Amino acid sequence: MADNGRLTVLTGPSGVGKGTLVKRLLDQHPEIWLSVSATTREPRGGEDEGVSYFFHSRDAFESLVAAGGLLEWAEFATNCYGTPRAPVEEHLAAGRPVLLEIELEGARQVRTSFPDAFQVFLAPPSFAELERRIRGRGTDTEDSIQRRLARAREELNAQNEFDAVVINDDLDQALKQLETHMQLLAL
Ligand code: ADP
Ligand code: 5GP
C-alpha cells in the first residue's frame, strides 16, 4: 500500500494572494491535489461549480454539516465555508500531497483532527498593501471589504500559531518558500 500523502494547510487574510500563489504552485506541481470547498457564498464572475467551490444554499450546507460530511467548517464574512471530508481522505490514502486553502477557524479545527498536517500562514508585506490588493481585485462590495479587513486583523494576530509564515511580497520568492515547506524541491 502507498504511504499516506502529506496534508498542508494554507491560511492567510483575504486578498493576501492565496489563490494566486496556489495557482502557480499547482501549475508547477500537478501531483498536488487541492481540495474544493463547499460554500454558501455567491459565485464571483468566472467561478465554476465544482472547480472553484461547490456552491450551496444555507439549508444544503447545514445538511452537509449534520451528516458529518465536512472535515472542518467555519463562518467567514457572513458565509459558510467547509472542506468535504471524503475526497481529502481518499487522496491522502492514495499517497497524493493534499492542500487545503482555508481560513483561521478551519485551520484550528484541522490541528485537532490532523495534528500531523503542516500549517502555513501567508502574510502580506503590510496591512496597507493588503487593503490595496483586496480593493485592486475589484470583486467585493465595500461591505464585504470592510468585513474582510476586520477579519484580516484577527488572522494576522494568530500567525504565530502556524508551523511557518511566508510573506507574499515577491510572488516568485513566496512560491519558493512554500515549495520548500511542502518538501517539493529537490535537495
Ligand atoms: P486571496 O486568494 O488570498 O484572497 P488573491 O489571490 O485573489 O488573494 O489576490 C488578491 C490580489 O492581489 C489579486 O489582484 C492578485 O493579483 C494580487 N496579488 C497576489 N499576489 C501578489 C504579489 N505578490 N504582489 C502583488 N500583488 C499580488
Ligand atoms: P473567498 O470568499 O475569498 O473565496 O474566501 C473567503 C475565505 O474563506 C478565505 O480566507 C478562504 O481561505 C476561506 N475558505 C475557503 N474555503 C474554505 C473551507 O473549506 N473552510 C474554511 N474554514 N475556510 C475556507
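One-based numbering, in listed order, for ligands and for the atoms of each. Treat the numbers as computed from the prediction; the structure is a model and nothing was measured.
- At least one heavy atom of Ser14 sits less than 4.0 Å from an atom of ligand 1.
- Close approach of ligand 1 to Pro13 (heavy-atom distance below 4.0 Å) involves ligand atoms 3 (O).
- The Lys18 neighbourhood of ligand 1 comprises atoms 1 (P), 2 (O), 3 (O), 4 (O), 6 (O), 8 (O), with distances under 4.0 Å to a heavy atom of that residue.
- Surrounding CD of Glu42 are at most 12 heavy atoms belonging to other residues, nucleotides or ligands under 6.0 Å away.
- A salt bridge links Asp140 to Arg44: at least one charged side-chain nitrogen sits closer than 4.0 Å to a carboxylate oxygen.
- Annotation: atom 2 (O) of ligand 1 to nearest protein heavy atom, Gly19 N, 2.8 Å.
- Arg58 and Glu75 are joined by a salt bridge, as a carboxylate oxygen and a charged side-chain nitrogen come within less than 4.0 angstrom of each other.
- The shortest contact between atom 10 (C) of ligand 1 and any protein heavy atom is with Gly15 O, 3.4 Å.
- In terms of polar-atom proximity, defined here as any N/O pair under 3.5 Å, Glu129 makes no such contact with ligand 1.
- Looking at Phe76 and Arg148, their side chains come closer than 4.5 Å, going by heavy atoms from C-beta outward.
- Defined by atom type and a distance below 3.5 Å, a donor-acceptor pair is missing between the side-chain atoms of Asn79 and Thr39.
- The nearest protein atom to atom 16 (O) of ligand 1, hydrogens excluded, is given as Thr20 OG1, 4.1 Å; this is a heavy-atom distance.
- Contact check on Arg135 versus Glu142 returns a salt bridge, with a Lys/Arg side-chain nitrogen under 4.0 Å from an Asp/Glu carboxylate oxygen.
- A distance limit of 4.0 angstrom between heavy atoms and ligand 2 selects the residues Lys18, Ser37, Arg41, Arg44, Tyr53, Glu72, Ala74, Phe76, Tyr81, Gly82, Thr83, Glu101, Ile102, Glu103, Gly106, Arg148.
- Side-chain contact between Glu49 and Pro43 is absent, with no heavy atoms from C-beta onward closer than 4.5 Å.
- Closest to atom 20 (N) of ligand 1 among all protein heavy atoms lies Asn168 ND2, 3.1 Å.
- Counting protein heavy atoms only, atom 8 (O) of ligand 1 is closest to Gly17 N, 3.1 Å.
- With ligand atoms numbered from 1 in the order given, ligand 1 contributes 23 (N) to contacts under 4.0 Å with heavy atoms of Leu171.
- A cation-pi geometry, defined here as NZ or CZ lying under 6.0 Å from the six-membered ring centre and within 45° of its normal, does not hold between Arg132 and Phe127.
- Every heavy atom of Ala174 sits 4.0 Å or more from the atoms of ligand 1.
- Nearest to atom 7 (O) of ligand 1 among the protein's heavy atoms is Arg137 NH1, 3.0 Å.
- Ligand 1 has at least one atom lying under 4.0 Å from a heavy atom of Asp169.
- Residue Gly136 places no heavy atom under 4.0 Å from ligand 1.
- Of the listed residues (Gln173, Arg135, Arg133), the one carrying the non-hydrogen atom nearest atom 11 (C) of ligand 1 is Arg133.
- Here Arg147 pairs with Asp143 in a salt bridge; the nearest charged N to carboxylate O distance falls below 4.0 Å.
- Within a 6.0 Å radius of CD1 in Ile167, no more than 12 heavy atoms belonging to other residues, nucleotides or ligands are found.
- Checked for salt-bridge contact, Glu161 and Arg108 meet the test: a charged N lies under 4.0 Å from a carboxylate O.
- Every residue two or more places apart in sequence or in another chain was checked for a side chain to side chain donor-acceptor pair (under 3.5 Å) with Tyr53, and none qualifies.
- Residues Val166 and Leu10 share a hydrophobic cluster, clusters being chains of Ile/Leu/Val/Met/Phe/Trp/Tyr side chains in contact below 4.5 Å.
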